[in-house]
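Below is one structure, written out as structure tokens; the observations come after it.
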Amino acid sequence: MDIFHVHLRTDIEKKVGFKINTTTDVKSFLAILQEHTSAPISLSTLRRFWNLIPMRKSNNSTLDVLAKFLEYASYQDYVKKKNEYEKWYLDAKLQNLKCKKKLTANDFQFLSELIEKSESNTIFISLFEYAFYNEKWDYCNALFDENNISCFKNKLPINHFQTNIAYLLFIFLYGISKESFATSIEKLIANKNFRENVIYIYIDIMGLNKRYGIILEKIEKESISNEEQLFLKLLSGLKLYLNKSKKLPKIHNPAINELQSLPEVLVGRFYGYQMLCAAQNQNKDKEEIVWNNFLTFIKKETHIRQYFHEFVHALLLLKSIQKLNYLLEHYFEEIIDELHMHSYLDLFIYNLIDAMVSYKNKDIKRAHHIFKNLDTTISKYGAAYNDYYLIFYAITGYHLATNYKEKQIFKEEYLKHVTVAKFKVFDEVYLETYFG
């Protein structure tokens with residue numbers, strides 16, 4: 001196959017978010033493609049292009065349709081922009097942007113188009129690092145303005161560009177010296193766009209006792225919206241819970257109409273925090289009230305996964321296996337369908353929960369089968385919470401272990417992760433008694 005055909009396949013898979021290895025995958029892609037074009041293209045044509053049936057030379061109309069799906073004018077245009085000379089030209093143009101005191105509207109249009117087509121976040125990061133080290137804060141702030149970089153416009157659902165940029169920037173911020181971090185972070189968080197597109201996108205639970213926690217404390221001193229205040233109070237309360245504080249701060253109960261105006265993830269975090277508060281106060285009745293209020297609230301909603309992410313996190317902390325089992329039984333198919341089976345972290349979480357529920361229900365054989373097939377390389381995907389959920393993976397492995405040596409391996413893994421996080425709640429007693 002022509003090398004540019006290979007590039008085309010890879011770029012399409014990047015855009016849709018999944019590998020196309022089977023006829024089922026091709027059908028999924030065809031459904032997406034038909035939403036973008038009225039040009040006729042058959043299932044067999046796509047299967048042939050992905051080598052699922054005997055290959056023959058693709059005609060130009062097919063290649064044009066696929067190239068246009070990637071927002072190129074034609075397949076010829078796609079090839080042109082992929083060749084080495086074009087890359088050299090773009091690299092030179094990017095270097096010239098670094099020499100400017102201020103980027104123009106045309107510069108930002110060029111950047112937005114380049115980022116969308118190449119899906120290369122290194123372009124953005126390169127410009128940010130240049131502005132950071134040269135203390136060009138206006139230049140830096142402009143990079144996070146949604147009116148300049150179009151990829152930041154879609155706040156919900158969060159796109160891959162946003163999550164990857166936030167992840168890469170945290171690697172950068174965690175790698176600079178203490179002195180540089182201290183002098184620069186206040187400049188960055190003063191920018192609302194930076195807070196929304198970086199700090200609030202990549203929630204680094206494992207960093208609450210480290211630099212991420214410092215950043216949140218500094219943001220609290222800024223003039224921020226009510227929504228930001230709630231977000232910060234909930235994370236501050238979670239940090240106190242994880243550090244075994246004797247008393248968690250009370251947070252005002254928003255009215256239903258207020259909750260409905262908040263992002264789904266924040267609503268889930270709010271209900272999850274209420275569960276933690278009730279449990280700490282040993283108020284079982286209050287726990288049940290919060291639980292039922294949450295279920296009632298989400299009955300009318302559609303983006304269930306967004307509500308569950310933070311709420312499930314609280315249930316895991318509280319060892320609420322029965323409630324997790326209820327969510328699996330009533331919502332698993334809906335969650336997975338929404339994800340189209342392509343979110344590594346969510347699949348890991350819900351399969352881990354399935355193993356936990358099976359173990360709790362004495363279905364040890366099923367628990368072992370699910371557990372051994374979990375992909376523990378989730379850390380490489382760069383999403384927030386990855387290493388944090390490996391704590392619960394180690395706990396489950398510890399209890400499923402069939403001999404002393406295996407138990408010690410999982411115990412060491414558990415202690416490694418909790419030592420990094422420095423959370424007091426995750427002690428050896430928590431490990432030993434997780435399943436009762």
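Values below: every heavy atom of this structure, side chains too, minus hydrogens, waters and symmetry copies.
For Y388 and H313, the distance between ring centers is under 6.0 angstrom. In this structure, the ring of Y414 has its center no less than 6.0 angstrom from the ring center of Y398. In this structure, F348 has its ring center no closer than 6.0 Å to that of F392. Between Y359 and F371, a ring centre-to-centre spacing not shorter than 6.0 Å is recorded. Close placement of the F69 and F29 rings is indicated, their centers lying within 6.0 Å of each other. The distance between the ring centers of F132 and F172 falls below 6.0 angstrom.
In this structure, the side chains of F170 and Y212 come closer than 4.5 Å at one or more pairs of heavy atoms.
A salt bridge is defined here as a Lys NZ or Arg NE, NH1 or NH2 lying under 4.0 Å from an Asp or Glu carboxylate O, and E287 with K284 meets this definition. Salt bridge K98/E129: absent, no basic N to carboxylate O contact under 4.0 Å. Residues K233 and E220 are not paired through a salt bridge, judged by the lack of any N-O separation under 4.0 Å between the basic side chain and the carboxylate.
Annotation: Q322, atom CD; neighbour count of heavy atoms from other residues, nucleotides and ligands within 6.0 Å does not exceed 12.
Between the CG atom in L97 and the CZ atom in F110 there is a gap of 6.0 Å [rounded to 0.5 Å]. Atom-to-atom distance recorded for N148:CG and E146:CD is 9.5 Å, nearest 0.5 angstrom. Rounding to the nearest 0.5 angstrom, the gap separating the CD1 atom in I20 from the CG atom in N51 is 12.0 Å.
Q274 places no side-chain N or O within 3.5 Å of a backbone atom of I289 that could act as its donor or acceptor partner.
Side-chain polar atoms of Y130 and K136 form a donor-acceptor pair below 3.5 angstrom.
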